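Since the structure is predicted, the reported quantities are computational estimates derived from the model, not experimental observations. So you know, we letter chains A, B, ... as the sequences are listed, proteins then strands, and number each from 1.
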Amino acid sequence: MSEVRVRFPPSPTGYLHIGGARTAIYNWLFARKHGGKLVLRIEDTDAERSTQESIQGIIDGLTWLGIDWDEGPYFQTAHAAEHVAAANRLLAESKAYKCFCTKEELEAKREAALAAKADYKYDRTCRCLTPEESAAKEAAGMPFVIRFKVPDRPGTVAFDDKVYGVVERAYADIEDFVIVRSNGAPLYLLSNVVDDIRDRITHIIRGQDGLTNTPRQILLYEALGAQLATYAHMPLTLDLNRAKISKRSHGEIVAVQFYRDHGFLPWALANFLVLLGWSSGDDREIFSREELIAAFSLEGINRANSVFNYRPGDPKFFTDPKALNINAHYLRTMPVEEIGGLVAEELKKEGLWDPAYDGERRGWYLATVDLIRSRFHTLKDFATLGRAYFADEFEVEPQAVEKNLRKNAELKTWLSQLADRFAALPAFTGEETERVAREMAAELNVKPGLLINAARTVVTGRVAGPSMFEVLAAMGRDRVVARLRDVEKFY
RNA sequence: GUCCCCGUCGUCUAGCCAGGUCCAGGACACCGGCCUUUCACGCCGGCAACACGGGUUCAAAUCCCGUCGGGGACGCCA
């Protein structure tokens, strides 16, 4: 039994698209599951877009996601001579022919067919040329393309797709397609097949948009005398209007980089993406890397296109709610040491990092991260919503002031009295601060919540947060007392 | 238009191949409750779908046909 070999062949566009990322993930999972190899091959024949930066964008995206490959990156342009050689071989074996029809002629025929509401297919004019006629045209300096000679026989080209089952297409419905341009450059259909044969690819896992290319590529495999790969086409990802998602119409939201820049955990994104069109068959949705590799199979891929549930301008969810939910899930369940390291990166970017968090204050740092993480959805939240825990300058939510401070003007004096009592406490612990706060509420004959919520607003700047007394302990006496005494600024 | 593919809750999906255990299960979102000093977390509960029409069958989400709907491909792009 031969080794499983799959490939991910992106064309460089400067960023990794989430659809492309999903394709890469499926290929990667399949390779890892079967102890095979993943080949990264850059289809860079479009010289315009193939800059070093755009290639790097793809590589960075894959690397960030944790998708590693075993071979490559290979570059399609490095093999152009092979592609042409394959075409010449087909020519020599009469499996292809030179076509001298001009673009204008073809365009006219195509339009005529369209006008007549008929199906357009190349009419094989040049296939019928005698060798002499063909040689004469070439000698006259007429430019030509090379077309593949689709076998003239009844029946269909059929293949057993691992996702869609048996798919067939009548020979009669396939036109003699161009494999080499008039300038001598080979076309994708040919190059792709030649590369897959050379790279000994055993399984081609790609988007459903490649489904109609498959019969033509199979013909090429046959003509080239190569052993056919197994195909598995995966459904596409559409937007809520059922349109294909693209950077052009959806912007950054479809780029993997966007998620990296908005506080996503790489694996959380991968976990979300894999669920878009695949399921394990049981009820699990959260998978560790190892669990996913074990659970993955081509059979679990769904046939229907899936919808990326993204609503532009949604105030609550800046991307698919499920993606956010999965990210938040990992945020609050992963080992605190691990998330502590990722949060550290965010704090450093915002200038909130204290080297002591890695030293004598590490215990405090990790406990604080653990204390606040269940309310956050992305890594960014630690430096924004959680800023008060790491800095003395932080914004205070206007609603919090309105709701917890302004409604009762006496709070102004009560909070500074509370600060005094805290300052006098022998031990500044959660139990002691709670006891003191509750005693004071009882003396004043007000609900404890009044003082607690007011204190939360002053100390953290926010209406919502962890248990107030845990917050106080985390903040430390000095900060708490100072912030409580500074309450006047809100009146 | 032609060819190919698809059609289960708002979204992701299980079930379909081997028809009954499905008046359809899970997750997200949403709503309600519990917990509680707030908001989350957690737990409990609720709302919500087999596109439509025929057929086969004792029985159909599951098999067959048709209709409608959606997507993809129809390039000297990849």
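The partner of B/rG42 is B/rC34, judged by Watson-Crick or G-U wobble contacts that both fall below 3.5 Å. Using N1 to N3 plus N6-O4 or O6-N4 for Watson-Crick, or N1-O2 and O6-N3 for G-U wobble, each under 3.5 Å, B/rG69 pairs with B/rC6. Across every strand in view, B/rA18 sits unpaired, with no contact that passes the Watson-Crick or G-U test at under 3.5 angstrom. Under the Watson-Crick and G-U wobble criteria, each requiring two contacts below 3.5 Å, nucleotide B/rA61 is left unpaired. Across all strands shown, B/rG1 forms a Watson-Crick or G-U wobble pair with B/rC74, both key distances being under 3.5 Å. The base-pairing partner of B/rC23, taking Watson-Crick or G-U wobble contacts with both distances under 3.5 Å, does not exist among the strands shown.
Taking atom C1' in both B/rC17 and B/rA29, one finds a spacing of 33 Å when rounded to whole Å. Separating the P atom of B/rG15 from that of B/rC6 is a span of 16 Å, rounded to the nearest Å. Comparing the P positions of B/rG71 and B/rC12 gives an interatomic distance of 14 Å, to the nearest angstrom. B/rU8 and B/rG33 are spaced 34 Å apart, taking the P atom of each and rounding to whole Å. Using atom C1' as the reference point in both B/rC30 and B/rG66, the two lie 38 Å apart (nearest Å).
In this structure, the CD atom of A/E175 is 10 Å from the P atom of B/rC74, given to the nearest Å. Rounding to whole angstrom units, CG of residue A/D239 and P of B/rG10 are separated by 18 Å. Between the CG atom of A/L187 and the P atom of B/rC76 there is a distance of 7 Å, given to the nearest Å. For the pair A/D320 CG and B/rG10 C1', the computed distance is 12 Å after rounding to whole Å. Straight-line distance from the CG atom of A/N305 to the C1' atom of B/rG69: 13 Å, rounded to whole Å. Residue A/E168 contributes atom CD, which lies 13 Å from atom C1' of B/rC5 at whole-angstrom precision. Rounded to an integer number of Å, the gap from NZ of A/K322 to P of B/rG26 is 13 Å. One atom, OH of A/Y310, and another, C1' of B/rG10, lie 18 Å apart when rounded to the nearest Å.
When the side-chain nitrogen and oxygen atoms of A/K121 are compared with OP1 and OP2 of B/rG75, none of them lie within a distance under 4.0 Å. The phosphate of B/rA14 has OP1 or OP2 within less than 4.0 Å of a side-chain N or O from A/S279. For B/rU38, neither phosphate oxygen OP1 nor OP2 lies less than 4.0 angstrom from any side-chain nitrogen or oxygen of A/R462. Note on A/R438: a side-chain N or O is less than 4.0 Å away from OP1 or OP2 of B/rU37. Taking side-chain N and O atoms only, A/R181 has no distance below 4.0 Å to OP1 or OP2 of B/rG75.
Using cut-offs of 30° and 60° on the angle between ring planes, the pair A/H79 and A/H83 is tilted. Classification of the A/F318-A/H262 ring pair by plane angle, with boundaries at 30° and 60°, yields tilted.
Within a 6.0 Å radius of CZ in A/R303, other residues, nucleotides and ligands contribute 12 heavy atoms or fewer. Shown here is A/E105, whose CD atom has more than 12 heavy atoms of other residues, nucleotides or ligands within 6.0 Å.
A/Y74 pairs by the ring pair (Phe, Tyr, Trp, His ring centres under 6.0 Å) definition with nothing, not counting sequence neighbours.
At least one cation-pi condition fails for A/R311 and A/F317: the charged atom is not both under 6.0 angstrom from the six-membered ring centre and inside a 45 degree cone around its axis.
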